[in-house]
Amino acid sequence: MGPPGAGKGTQAHRLEQDFDLSNFATGGMLREEVKNGSEFGKLAKECLDRGDLVPDDLVTEMIRMRLTKPESTDGFILDGFPRTVVQADALNEILADQGRAITAVIDIEVPDEEVIRRLTGRRVCVKSGHSFHTEMDPPKHEDRCDLDGSRLVTREDDRIETVRRRLKTYREKTQPVISYYEDLGMLRKVDGLQEPETVHAHVRALIATMRYEEAV
Ligand code: AMP
């Protein structure tokens, strides 16, 4: 869990390698559908561009398909799901049907003004998807990717008014999911203002401990 720009994707990617887990990022899956121009992608694009959530049943079905395949049998990371209480309930049901449950819920906390700074400064390569930041990780040549020279663009949903809307959606729809896991005693909070390496060390240690406790 964590607001947009908290670094969920970065951390999930590292954990995927640390623990050899499958990594399912709903935002990335949806952007892929949009790129492919599928019917589903066309529907999702409107929501993504506006900074709104895609309907619960569509996203849940996407996750259900992944969680019922062998690739998730040895464990998985969810990045960007569940984002509503309806999705959290659906996830419980999917896993309960398989006799499984979530091990840990990690919340990467970042204040709104830092989210705005991070997202509005982000520039993404049109070809590789690699991202830069105008202040924190500037490309050598303005608006050109260091890796392949392709054009760098601002993601449609990283525009200031869309970021504000995504934050509002996060507060209204996703904050209750955090409370939901907190009430169940499953939530572990991490300070997302720290360097990515520090956040990573913290999250990795948390998960290692919880997996150990789960196994004994
Ligand atoms: P992200 O890359 O996780 O910030 O997600 C980008 C966008 O994809 C979000 O702003 C939503 O429009 C959509 N999205 C991603 N995950 C979900 C989800 N679990 N439920 C609904 N919409 C989602």
Side-chain angles (χ1 to χ4, degrees), residues 1-16 22-67 72 76-95 102 105-110 112 114-125 128-131 133 153-178 180-181 192 196 199 203:
M1 312 296 300
K8 299 187 294 292
T10 305
Q11 298 301 333
H13 185 64
R14 293 184 183 191
L15 295 174
E16 175 184 357
S22 297
N23 179 12
F24 304 125
T26 41
M29 289 178 195
L30 290 166
R31 278 190 291 277
E32 199 56 35
E33 293 284 344
V34 172
K35 216 159 98 188
N36 294 341
S38 66
E39 274 312 304
F40 178 52
K42 281 179 199 151
L43 204 105
K45 185 175 186 322
E46 280 180 35
C47 301
L48 260 78
D49 287 352
R50 278 201 309 263
D52 288 340
L53 294 181
V54 171
D56 285 328
D57 50 346
L58 297 184
V59 186
T60 303
E61 207 38 51
M62 228 167 57
I63 285 295
R64 185 195 305 278
M65 268 156 44
R66 301 302 198 290
L67 295 186
S72 84
F76 55 86
I77 302 164
L78 295 175
D79 162 12
F81 184 94
R83 257 172 154 106
T84 66
V85 172
V86 172
Q87 293 179 17
D89 283 334
L91 176 62
N92 272 352
E93 266 178 42
I94 297 169
L95 294 177
I102 295 174
V105 181
I106 311 279
D107 180 22
I108 306 178
E109 296 185 303
V110 176
D112 285 8
E114 176 66 8
V115 166
I116 291 172
R117 189 172 83 93
R118 288 184 186 182
L119 294 190
T120 54
R122 181 158 68 179
R123 299 291 178 274
V124 185
C125 171
S128 67
H130 187 88
S131 53
H133 193 279
V153 295
T154 302
R155 237 169 73 177
E156 196 62 25
D157 57 349
D158 283 346
R159 288 178 308 130
I160 179 78
E161 53 292 9
T162 317
V163 170
R164 290 226 165 86
R165 202 175 160 101
R166 288 164 73 191
L167 280 169
K168 183 167 178 280
T169 305
Y170 187 76
R171 249 190 320 274
E172 291 173 0
K173 305 270 177 56
T174 310
Q175 207 66 50
V177 183
I178 294 178
Y180 171 106
Y181 287 123
V199 176
V203 176

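Read the numbers this way: they start at 1 and go in the same order the structure lists the ligands and their atoms.
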Inset, instruction - Can you tell me which residue pairs pass the salt bridge (Lys or Arg N to Asp or Glu O under 4.0 Å) test with a partner in residues 77-95, sequence neighbours excluded? - result: none

Legend entry - Donor + acceptor pair across side chains of Asp112, Tyr170 (<3.5 Å): no

Legend entry - Side chains of Asp56 and Thr84, donor plus acceptor under 3.5 Å: yes

Inset, instruction - Name all residues meeting the side-chain contact (heavy atoms from CB on, under 4.5 Å) criterion together with Pro196; count only those two or more places apart in sequence or in a different chain, and write none if there are none. - result: Gln11, Arg14

Inset, instruction - Please identify each residue that fulfils side-chain contact (heavy atoms from CB on, under 4.5 Å) with Glu156, with sequence neighbours left out. - result: Asp49, Arg159

Legend entry - Pairing of Arg164 and Glu161 as salt bridge, 4.0 angstrom limit: no

Between the protein and ligand 1, which nitrogen or oxygen pairs come in under 3.5 Å, and how far apart is each?
unit_1: ligand 1; atom_1: 2 (O); unit_2: Arg31; atom_2: NH1; d: 3.0
unit_1: ligand 1; atom_1: 2 (O); unit_2: Arg31; atom_2: NH2; d: 3.2
unit_1: ligand 1; atom_1: 3 (O); unit_2: Arg83; atom_2: NH1; d: 3.1
unit_1: ligand 1; atom_1: 3 (O); unit_2: Arg83; atom_2: NH2; d: 3.2
unit_1: ligand 1; atom_1: 4 (O); unit_2: Arg83; atom_2: NH2; d: 3.3
unit_1: ligand 1; atom_1: 4 (O); unit_2: Arg166; atom_2: NH2; d: 3.2
unit_1: ligand 1; atom_1: 12 (O); unit_2: Asp52; atom_2: O; d: 2.6
unit_1: ligand 1; atom_1: 16 (N); unit_2: Thr26; atom_2: OG1; d: 2.8
unit_1: ligand 1; atom_1: 16 (N); unit_2: Gly80; atom_2: O; d: 3.4
unit_1: ligand 1; atom_1: 16 (N); unit_2: Arg83; atom_2: NH1; d: 3.0
unit_1: ligand 1; atom_1: 19 (N); unit_2: Gly80; atom_2: O; d: 2.9
unit_1: ligand 1; atom_1: 19 (N); unit_2: Gln87; atom_2: OE1; d: 3.0
unit_1: ligand 1; atom_1: 20 (N); unit_2: Gln87; atom_2: NE2; d: 2.9
unit_1: ligand 1; atom_1: 22 (N); unit_2: Val54; atom_2: N; d: 3.0

